[in-house]
**Student:** 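There's a structure below that I have some questions on.
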There are 2 protein chains.
Amino acid sequence: MSEIDAARVFQALGDATRRDMVERLTETPMSVSALAAPYDMTLTAVGQHLAILEAAGLVTTEKQGRVRVCKADTRGLSVLQNWLLDRRPPLERMLDRLGDSLDES
Amino acid sequence: MSEIDAARVFQALGDATRRDMVERLTETPMSVSALAAPYDMTLTAVGQHLAILEAAGLVTTEKQGRVRVCKADTRGLSVLQNWLLDRRPPLERMLDRLGDSLDES
DNA sequence: GAAATAGTGAAGTTTAAACTTGACTATATG
DNA sequence: CATATAGTCAAGTTTAAACTTCACTATTTC
């Protein structure tokens with residue numbers, strides 16, 4: 001049910017505007033207009049970026065009246081974190097797994 | 001002299017072929033031809049992907065005779081890791097910093 | 001030293017991403 | 001209820017990324 005894959009997350013964060021949006025939203029939630037303010041592009045374009053971020057599990061939005069409030073979503077970030085853990089050098093991974101199995105015993 | 005920015009790393013990993021290349025190279029180093037084998041594209045295209053991965057600090061290559069040997073480079077990955085750490089929820093970050101300052105005392 | 005192997009370089013094509021325009025809907029405010 | 005605000009939708013344009021072709025160089029191997 002997760003639906004979130006590393007592909008989408010990386011693609012989403014590959015764009016400077018979207019990365020900046022995520023950075024700002026991890027500081028504080030805000031409306032689409034507030035989010036759009038710093039960028040020299042139309043609201044439509046910002047809405048399109050937002051859709052990509054939502055699909056990647058990096059942002060959630062909720063409509064309150066005529067305002068859409070955007071918040072950072074940690075799910076996309078944790079997909080990233082897991083991908084990173086899997087790409088650590090094989091030796092480190094082996095030690096990790098050893099550690100895990102000791103923890104379980 | 002780091003030169004490696006999150007922008008390049010994310011953009012590099014936004015492409016499925018390049019992500020797969022990094023995944024394979026973290027398992028074992030190999031030549032450009034070996035790297036290219038699974039993909040339905042020309043050697044030239046693979047070389048272009050490789051150049052992007054090198055610029056992002058995700059791969060290093062070294063020419064040995066007529067063969068170019070490619071290895072995973074951890075620098076790009078650690079840029080990613082640091083970006084991720086900075087995007088954890090503000091509360092967690094505060095606790096982290098608190099932990100760090102206690103560690104130092 | 002001829003032929004095969006491994007890769008490189010410049011230049012063009014194709015495909016996909018980013019962005020715009022203009023018309024539209026829904027909610028709020030005087 | 002008229003006007004402004006906040007955002008959305010469909011469709012098209014522009015720009016940039018991915019990939020190709022073909023010609024070429026450097027290193028092996030026979």
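All chains are named by letter (A, B, ...) in the order of the sequence lines, taking the proteins before the strands, and each is independently numbered beginning at 1.
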**Student:** Between B/His49 and D/dA17, is there a side-chain N or O to OP1/OP2 distance below 4.0 Å?
**Tutor:** no
**Student:** Could you pick out which residue, B/Lys63 or A/Ala45, lies toward the 5' side of DNA chain C when each is mapped onto its nearest nucleotide?
**Tutor:** B/Lys63
**Student:** Starting at atom CD of B/Gln11, determine the distance to atom C1' of D/dT15, rounded to an integer number of angstrom.
**Tutor:** 14 Å
**Student:** How long is the line joining CG of B/Asp15 and P of D/dA16, in whole Å?
**Tutor:** 18 Å
**Student:** Considering only heavy atoms and no angle criterion, is a donor-acceptor pair shorter than 3.5 Å present between the side chain of B/Gln48 and the base of C/dT8?
**Tutor:** no
**Student:** Out of curiosity, A/Lys71 NZ to A/Met30 CE, how far, rounded to the nearest 0.5 Å?
**Tutor:** 13.0 Å
**Student:** Could you check how far CZ of B/Arg68 sits from P of D/dT28, rounded to whole Å?
**Tutor:** 13 Å
**Student:** Starting from C1' on D/dT20, measure out to CG on B/Asp40 and report it in whole angstrom.
**Tutor:** 12 Å
**Student:** To the nearest angstrom, how far is B/Phe10 atom CZ from D/dA17 atom C1'?
**Tutor:** 19 Å
**Student:** How close or far is atom P of D/dA17 from atom CE of B/Met41, stated in whole angstroms?
**Tutor:** 16 Å
**Student:** Under the 3.5 Å rule, do the base of C/dT27 and the side chain of A/Gln64 count as making a donor-acceptor pair?
**Tutor:** no
**Student:** Apply side-chain contact (heavy atoms from CB on, under 4.5 Å) to B/Glu62 and list each qualifying residue two or more places apart in sequence or on a separate chain.
**Tutor:** B/Gln64
**Student:** Could you tell me the separation between the CG atom of B/Leu43 and the P atom of C/dT5, rounded to a whole number of Å?
**Tutor:** 13 Å
**Student:** Donor-acceptor pairs under 3.5 angstrom involving side-chain atoms of residues 7-23 of chain B: please list them, not counting sequence neighbours.
**Tutor:**
unit_1  : atom_1 : unit_2  : atom_2 : d
B/Asp15 : OD2    : B/Thr17 : N      : 3.0
B/Asp15 : OD2    : B/Arg18 : N      : 3.1
B/Arg18 : NE     : B/Ala12 : O      : 2.8
B/Arg18 : NH1    : B/His49 : ND1    : 3.1
B/Arg18 : NH2    : B/Gln11 : O      : 3.4
B/Arg19 : NH1    : B/Leu13 : O      : 2.6
B/Asp20 : OD2    : B/Tyr39 : OH     : 2.7
B/Glu23 : OE2    : A/Trp83 : NE1    : 3.0

**Student:** Do A/Leu77 and B/Arg88 come close enough that some side-chain heavy atom pair is under 4.5 Å?
**Tutor:** no
**Student:** Do we see a donor-acceptor contact under 3.5 Å between the side chains of A/Thr61 and A/Arg68?
**Tutor:** yes
**Student:** What's A/Gly47 touching, base or sugar-phosphate or nothing? Going by heavy atoms closer than 4.0 Å.
**Tutor:** nothing
**Student:** In whole Å, I'd like the distance from the CG atom of B/Leu35 to the P atom of C/dT5.
**Tutor:** 20 Å
**Student:** Base, sugar-phosphate alone, or nothing: which one does A/Thr44 contact when heavy atoms must sit under 4.0 Å apart?
**Tutor:** base
**Student:** Of the listed nucleotides (C/dT27, C/dA18, C/dA4), which one gets closest to any side-chain atom of B/Arg66?
**Tutor:** C/dA4
